[in-house]
Amino acid sequence: MRAKLERDFDRFKRELPRDFPAHVRGSYRIDLTARYLGELVPHPIGKGSGQLSLNPGQLEDDAAAGLAFAVLKTVIAEDETGTQTMAAWAIHETKMKVERRPAGAGRAGWTVSWKGRGWDRPFAEYLALVRAGRDLTRGGRLLVVPSVKYHLPRLAEPFREGEYRYTTAQLADAWREPPLLVEKDFSPTLAGDALADDRAQILRWLEDVPRQIRAASPIPVRVALKLMNARFDDAFQVEMMNASAGADALVCFNRLFDAERSVAYGGWDLSDRNLRVLATHLTPGATPGVPALTGTGNIGSGRMILDYARRGCESVQLHTFFQLPLSEYAATHGSRAQRALHALVFHPRDGLLAGMLELEARGALERQSGELRFLDLGARAHRAG
Ligand SMILES: Cc1cc2nc3c(=O)[nH]c(=O)nc-3n(C[C@H](O)[C@H](O)[C@H](O)COP(=O)(O)O)c2cc1C
């Protein structure tokens, strides 16, 4: 197996097989099938919402690369008059800087420094992007999901239902066939905002937002909450997960906020925190009505995917690893998404396949009907919990 993996890693540097999950299943008897927001996808690796899913060209490239799914940039909700209570998040900023971010124990990860926030163009253009995503999804080429930042009130205030209703109805109209899949973003800049100073206020959002979106949607809807890393301790982060039981899925967890520099950041501090909280979450008694989990944060190897999967994540969303300098990828040809997939799946030491085979050798993962299955990793975590 090891020799085969080395051979595949080497020959796929130029080009991944068109249907690499089928190749993996045939050659290694490993079933990479994963799940995002209740939808089965051929493998666990998708693109997180952000600057890499702003236009149909980027989606087309991701479909060609073989990504499992892509979440569109976050749009700021509006009502039928165009009013956006969260307008402070619809600001324009183009410059991104990919840089090293040192963490403890001498580890230097990568982060993308960027001062922008949500979608800054007209809503009608976002809806056109949703339609392009719908066509790719219908064609079975790439599952595409919109992301929204809806109104979040202070404790004494009501939700602006008009913004929930209008935005969700427009998305449903663009998507057409149920169910509508939607991700609700709680961003790091929100975590850093005075709005998020109050724990009770945050917990109310998490309890009420899924209900608000369901009530607003004219067609059946599945809701993923992309949880922020709040500026409180790990125990509160678990409390946030428990308060989100009304969601269908949770994306765990968006980037950390550096208050001094006033920027969101990732790297090892982010994955350390996320994995620590996810491990706590699986302890007995901490899992009433748990929504499905998807991991995000500092994923740059198959081993890191396994770390999230073994803590219950059924898929993962990446952003930074799709933005590295080309010299950081072993592959010599293809888009960054393709080169990233090559490393994440086939790296002979740190790739997903190498990691799953190692878990099998250690007796931590068993074959079912002759196959190792990605989705068994999380099921095992839940049983252990
Ligand atoms: C430049 C940039 C813009 C982002 N914009 C959004 C966004 O609009 N909505 C959102 O939910 N997440 C956004 N994210 C978060 C990513 O989707 C991802 O969850 C996060 O960066 C952690 O993954 P990573 O360590 O692989 O980058 C953004 C990230 C970056 C780096």
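- Both tests hold for R117 against W89: distance to the six-membered ring centre under 6.0 Å, angle to the ring axis within 45°.
- In terms of modelled atom types and a separation under 3.5 Å, the side chain of Q338 and the main chain of S335 share a donor-acceptor contact.
- R276 and Q237 share no side-chain donor-acceptor pair at under 3.5 Å.
- The two residues S301 and L344 come nearest to each other via the heavy atoms N-CD2, 3.4 Å.
- Looking at every heavy atom in both residues, L32 comes nearest to P44 through O-CD, 3.6 Å.
- Under the 3.5 Å distance criterion, the side-chain polar atoms of E314 are left unmatched by any main-chain donor or acceptor of A292.
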ask   = Passes side-chain hydrogen bond (donor to acceptor under 3.5 Å, both in side chains), T85 versus E163? Steps please.
value = CA-CA 8 Å; T85 317; E163 293 185 18; 2.3 Å; yes

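- M304 has its side chain within reach of L275: a pair of non-hydrogen atoms, C-beta onward, lies under 4.5 Å apart.
- Residues H342 and F12 approach most closely at CD2-O, 3.5 Å, considering heavy atoms.
- The shortest non-hydrogen separation linking C252 to Y308 is O-CE2, 3.9 Å.
- Partner of V148 under the side-chain contact (heavy atoms from CB on, under 4.5 Å) criterion, out of V182, I76, V223: V182 alone.
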query = Stepwise, does the salt bridge (charged side-chain N to carboxylate O under 4.0 Å, His left out) test hold for D198 with R154?
reply = CA-CA 9 Å; D198 183 335; R154 295 188 178 281; over 6 Å; no

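- Looking only at side-chain heavy atoms (C-beta outward), P179 and L181 come within less than 4.5 Å of each other.
- Not counting sequence neighbours, the partners of T294 by the side-chain contact (heavy atoms from CB on, under 4.5 Å) test are Y36, V251, S315, Q317.
- Aromatic pair Y329/F321: ring centres closer than 6.0 Å.
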message = As a quick check of understanding, evaluate salt bridge (charged side-chain N to carboxylate O under 4.0 Å, His left out) for R165 and E80, giving each step before the final call.
response = CA-CA 9 Å; R165 234 184 351 258; E80 62 280 353; 6.0 Å; no

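- H347 and A354 get closest at one heavy-atom pair: O-CB, 3.7 Å.
- For the pair R199 and F236, the distance from NZ or CZ to the six-membered ring centre is under 6.0 Å and the angle to the ring normal is within 45 degrees.
- Within 6.0 Å of CZ in R107 there are more than 12 heavy atoms belonging to other residues, nucleotides or ligands.
- For CD of E371, the number of neighbouring non-hydrogen atoms (other residues, nucleotides, ligands) closer than 6.0 Å is greater than 12.
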inquiry  = Does R303 form a salt bridge (charged side-chain N to carboxylate O under 4.0 Å, His left out) with E358? I'd like the steps, not just the answer.
reply    = CA-CA 10 Å; R303 285 189 186 273; E358 195 180 296; 2.8 Å; yes

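- Ring orientation note: the planes of F20 and H43 are tilted relative to one another, at an angle of 30° to 60°.
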message = Go through it in stages, so that I can follow the logic: the residues are E99 and S113, the test is side-chain hydrogen bond (donor to acceptor under 3.5 Å, both in side chains), and I'd like the CA-CA distance, side-chain angles, deciding distance and then a yes or no.
response = CA-CA 7 Å; E99 54 188 358; S113 297; 2.4 Å; yes

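- Of the possible polar contacts, none joining the T74 side chain to the S147 backbone as a donor-acceptor pair under 3.5 Å is found.
- Inspection of the S187 and K149 side chains reveals an N or O donor paired with an N or O acceptor under 3.5 Å.
- Residues D185 and N254 have side chains that bring a donor and an acceptor to within less than 3.5 angstrom of each other.
- A cation-pi arrangement is found for R138 relative to W175, the charged atom lying closer than 6.0 Å to the ring centre and inside a 45° cone about the ring normal.
- Scanning both residues, R255 and L270, for their nearest heavy atoms gives CA-CD1, 3.9 Å.
- Figure legend: cation-pi geometry between K47 and F322, with NZ or CZ positioned under 6.0 Å from the six-membered ring centre and within 45° of its axis.
- Classification of the Y126-F123 ring pair by plane angle, with boundaries at 30° and 60°, yields parallel.
- For the pair R101 and Y265, the cation-pi criterion (under 6.0 Å, within 45° of the ring axis) is fulfilled.
- There is a side-chain donor-acceptor pair under 3.5 Å between D8 and Y28.
- Side chains of N298 and N274: a donor-acceptor N/O pair is absent below 3.5 angstrom, by distance only.
- The cationic group of R100 lies under 6.0 Å from the six-membered ring centre of W110 and within 45° of the ring axis, placing it in a cation-pi geometry.
- Between Y150 and I213 there is a side-chain heavy-atom pair separated by less than 4.5 Å.
- Other residues, nucleotides and ligands contribute at most 12 non-hydrogen atoms within 6.0 Å of the CZ atom of R176.
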